[in-house]
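First up is the structure itself, then whatever we jot down about it.
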Amino acid sequence: MHYHIWTLGCQMNTADSQLLASELEKRGHRAVEDWQQADIWVINTCVVRQSAEDKAYGRLNQLNALKKKDPTKIIGLMGCLVGVRDPLRLRRKLPYVDVFMPPSEPEAMLAFLDDRGAEADALAVEAAARAMRDAIQDEEFHFIEPQPGTPAVVSRDYAGGMGHAGGDLILPLHERGTLVSAHVPVVYGCSHACTYCIIPFRRGIERSRPVGEIVAHVRSLARQGVKEITLLGQIVDRYGKDIPDGPDLADLLHIVHEIAEEEGIARIRFLTSHPNWMTDRLLDTVAALPRVMPHIEVPNQAGDDDVLENMKRGYTIEAYRRLIHRIRERIPGVAIHTDIIVGFSGETAEQFQRTYDVLAELKLDKAHIAKYSPRPHTVSQRRMDDDVTPEEKERRRKALDDLQQQIVAEINARYLGETVEVLVEERHKGKWRGRTPQNKLVFFESDRNLLGELVNVEITWTGPWSMQGRLPGSVEADPVTIIPISAQP
Ligand code: 5AD
């Protein structure tokens, strides 16, 4: 059969969709770009904000209408809309959906396709029961330690074990030989209790993947031509904290770095970090290992201490400021990305101004700015008023966006005339497109096939979103001096 997957949301979903695609292809199914031609439709969903959830429902409604005309179509729903808790309730609400898959768990679809419908049901119920146990969040505590011992078992049971056959991943056909940069989950779920965040409810308790599985995953990707891997976790620096005497993220980076040297992986990244879990040892490891890129994603969320307290982030703005200085001191040339939420419950104009001032002061390389969106069951949704108007949220978002655009334009302008190392990821509208160590986008021209190569590019133009460059020695075509062949003597 033919399948088509829509992937919404974060990089973890990208990795989860890839795992599902890999498993479908092992069973002989093939991807099609034209989704109308597919027999199996899968939406891998995100619910971090209402707008993301609306997108999933929009697509679902469209598919439902088409399925009425052709009932043989199979609809699969995956990811955070399903969550680890309540597929039964969702099943009643969406009777036309054939299969519900919790985040990182494609097994229900495979069981369904193997004509094991009853087993798919049992798996969904089992996943719900397990999650009920796992995802209990106690809002009184900033952070809940997972029970020692359980996570690795959970992970081996259903997060990576079955689909990955011990961690190996065979890329789907359309990515084999062309995918340069891939994501590798290392921590599933999240056990923090940020008051606005729905993720712990939907992805379950934090559980680290056994290192052997990660190693197998990375090696298998390398052998299929992948040149860059990004280790993923909701709080990636928490890696290994749930495995007694296990490696931490710094150890894991050393292990993955060794594999990278053996297998020809050029670059390693990791995300997302939490300010409270970034140790100096981790930062020094990033600085010391040449294939680990100088690129840190560490969300700030707000620039005011009371707002941070209401969000239960567990740090002050002064601590965040010190962290940024520490990162810059220890990792030369580092790029730092952040996330900000504007219009959180109770955020006053003065408090917002402090966020603005902090961003203006710290001059980070990228800021993902989101308007606060109350999510079901979260503490902020149940206990706090969503009292900033939509217009005011939009005003604050735009103010930060404008500021950040100016900052990034300034930062990027410093690269003008510099030569940077670019890992070439794909061909885009007649140009090669790649990234610098700091994860900045670069476009340049060349007739050679440079896919997956590391090349030095001289930057000739910079903007806030991307840069343009040329290979040293190459001359950019000047339209005035081009003489048509027919006119040559
Ligand atoms: N409303 C708006 N943004 C949110 N995020 C998480 N939860 C919410 C919410 N309820 C943002 C945070 C996080 C990013 C992935 O999404 O900034 O870092």
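As the structure lists them, so they are numbered: ligands from 1, and atoms in each ligand from 1. Values reported hereafter were calculated over all heavy atoms of this structure, with side chains retained and with hydrogens, waters and symmetry mates removed. In what follows, residues are counted from 1 in the order of the sequence shown.
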Of all pairs that satisfy ring pair (Phe, Tyr, Trp, His ring centres under 6.0 Å), the ones with a partner from residues 291-310, not counting sequence neighbours
H295-H337
So, is the end of the R59 side chain (NZ or CZ) under 6.0 Å from the ring centre of W35 and within 45° of the ring's axis?
yes
Would you call the rings of F344 and Y196 parallel, tilted or perpendicular, where under 30° means parallel and over 60° means perpendicular?
perpendicular
Could you give me the CA-CA distance, side-chain angles and deciding distance for R238 and H192, then say whether side chain to side chain contact (heavy atoms under 4.5 Å, CB included) is met?
CA-CA 11 Å; R238 293 267 320 154; H192 270 51; 4.1 Å; yes
Indicate yes or no for a side-chain donor-acceptor contact from S17 to the backbone of T14 under 3.5 Å, with no hydrogens or angles considered.
no
Using the side-chain hydrogen bond (donor to acceptor under 3.5 Å, both in side chains) rule, take E25 and Y3 through it: C-alpha gap first, then chi angles, then the decisive distance, then the call.
CA-CA 9 Å; E25 299 209 354; Y3 71 89; 2.7 Å; yes
Applying a heavy-atom distance cut-off of 4.0 Å, which protein residues contact ligand 1?
V48, R49, Y196, Q301, D339, I341, A370, K371, Y372, S373, R375
